[in-house]
Amino acid sequence: MSNDEFRAAMSRLAAGVVLVTAQEPPLDPDDPDAPGVEDVGMTATAFLSVSLDPPLVLVSLREGSRMDDLLAEQPLWAVSVLAESQRHIAGRFAMKGRISDRLLFADLGCTRGEVTHAQLVDGALATLECRTEQRVAAGDHTLVVGRVLAARVPSTEGGPLTYFRGRYRKLG
């Protein structure tokens with residue numbers, strides 16, 4: 001089986017779309033001129049609930065990606081479950097080769113999580129704040145299992161943003 005055949009088969013599975021966020025600590029905390037914390041975000045479609053007791057979720061990260069490297073060091077992160085009206089956010093944070101996330105967050109309505117201090121997207125269908133419990137190497141990805149420390153349902157308007165056959169779509 002080729003990678004293309006596998007990709008084509010898996011594209012027939014609809015998935016919800018989330019924005020995973022975390023804060024990157026200062027590069028040199030002892031240097032007063034060093035940049036402060038940096039917000040980091042990435043779009044993910046491989047996200048799921050794992051357990052109710054304890055409350056656990058799982059996100060799959062491309063091995064060696066910025067978010068994979070960050071969550072190997074920083075245990076706190078957050079997830080915003082994107083609404084169908086937030087396709088532009090998913091596309092923005094899915095771009096490859098971007099230099100800094102600062103500009104991507106600049107004009108977004110976000111609120112800092114009370115527990116993780118990570119950015120939570122205003123208007124998201126749900127938000128979760130998590131702490132990494134386990135990391136599992138799986139092929140060219142890392143599966144990150146997180147304990148949910150806080151969960152909110154700030155918006156009940158609209159449906160979820162989904163990903164199917166290589167495109168963002170509305171449900172229904």
Side-chain angles (χ1 to χ4, degrees), residues 1 3 6-7 9-29 36-83 86 89-90 92-98 100-102 104-105 108 110-121 124-155 160-164 166 168:
M1 175 189 61
N3 288 349
F6 180 65
R7 187 176 291 116
M10 295 310 299
S11 76
R12 285 359 186 230
L13 176 65
V17 182
V18 301
L19 181 67
V20 180
T21 56
Q23 279 193 325
E24 191 168 51
L27 294 176
D28 185 356
V37 295
E38 182 87 16
D39 292 309
V40 177
M42 69 156 261
T43 302
T45 56
F47 176 77
L48 58 106
S49 170
V50 173
S51 168
L52 185 59
D53 186 20
L56 299 174
V57 293
L58 178 145
V59 65
S60 179
L61 307 174
R62 186 175 39 81
E63 183 182 354
S65 67
R66 183 173 182 195
M67 189 62 76
D68 182 37
D69 292 344
L70 175 56
L71 294 189
E73 297 177 17
Q74 159 63 282
L76 298 176
W77 46 284
V79 173
S80 297
V81 178
L82 298 180
Q86 296 176 315
I89 296 171
R92 178 184 293 195
F93 285 91
M95 290 187 308
K96 296 190 187 326
R98 60 185 191 261
S100 170
D101 288 1
R102 185 178 300 129
L104 301 180
F105 281 108
L108 279 186
C110 290
T111 305
R112 290 231 176 258
E114 294 176 16
V115 178
T116 62
H117 305 289
Q119 295 279 22
L120 300 171
V121 177
L125 295 180
T127 60
L128 302 113
E129 295 185 77
C130 307
R131 182 186 65 236
T132 299
E133 293 280 308
Q134 187 176 7
R135 292 173 54 86
V136 178
D140 58 2
H141 277 65
T142 302
L143 306 179
V144 180
V145 177
R147 179 181 294 255
V148 179
L149 305 173
R152 290 175 193 76
V153 183
S155 176
L161 181 62
T162 59
Y163 193 73
F164 180 70
Y168 297 116

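Starting from 1, each residue takes its place in the sequence as its number. These numbers come from the heavy atoms of this one structure, side chains and all, not from hydrogens, waters or symmetry mates.
- Side chains of Asp68 and Arg62 form no contact here, defined as non-hydrogen atoms less than 4.5 Å apart.
- Here the CE atom belonging to Met42 is positioned 8.5 Å from the CG atom belonging to Leu19, to the nearest 0.5 angstrom.
- Nearest heavy atom pair, residue Phe105 against residue Cys110, reads CD2-SG, 4.2 Å.
- You'll find the side chain of His117 stays beyond 4.5 Å of the side chain of Val37, heavy atoms only.
- Shown here for Ala15 and Thr45, the closest heavy-atom pair between the two residues is CB-O, 3.4 Å.
- Nearest heavy atoms, Leu71 versus Thr132: O-OG1, 4.4 Å.
- Residues Leu161 and Ala83 approach most closely at CB-O, 3.5 Å, considering heavy atoms.
- You'll find the side chain of Leu76 reaches within 4.5 Å of the side chain of Leu149, heavy atoms only.
- When side chains are defined from C-beta on, Phe47 does not count as touching Val20, because their heavy atoms never get closer than 4.5 Å.
- Contact record, Gln74 with Gln23: NE2-O, 3.2 Å, taken as the closest heavy-atom pair.
- Within a 6.0 Å radius of CZ in Arg12, more than 12 heavy atoms belonging to other residues, nucleotides or ligands are found.
- Of all non-hydrogen atoms in Asp69 and Gly64, the two that sit nearest each other are OD2-O, 3.5 Å.
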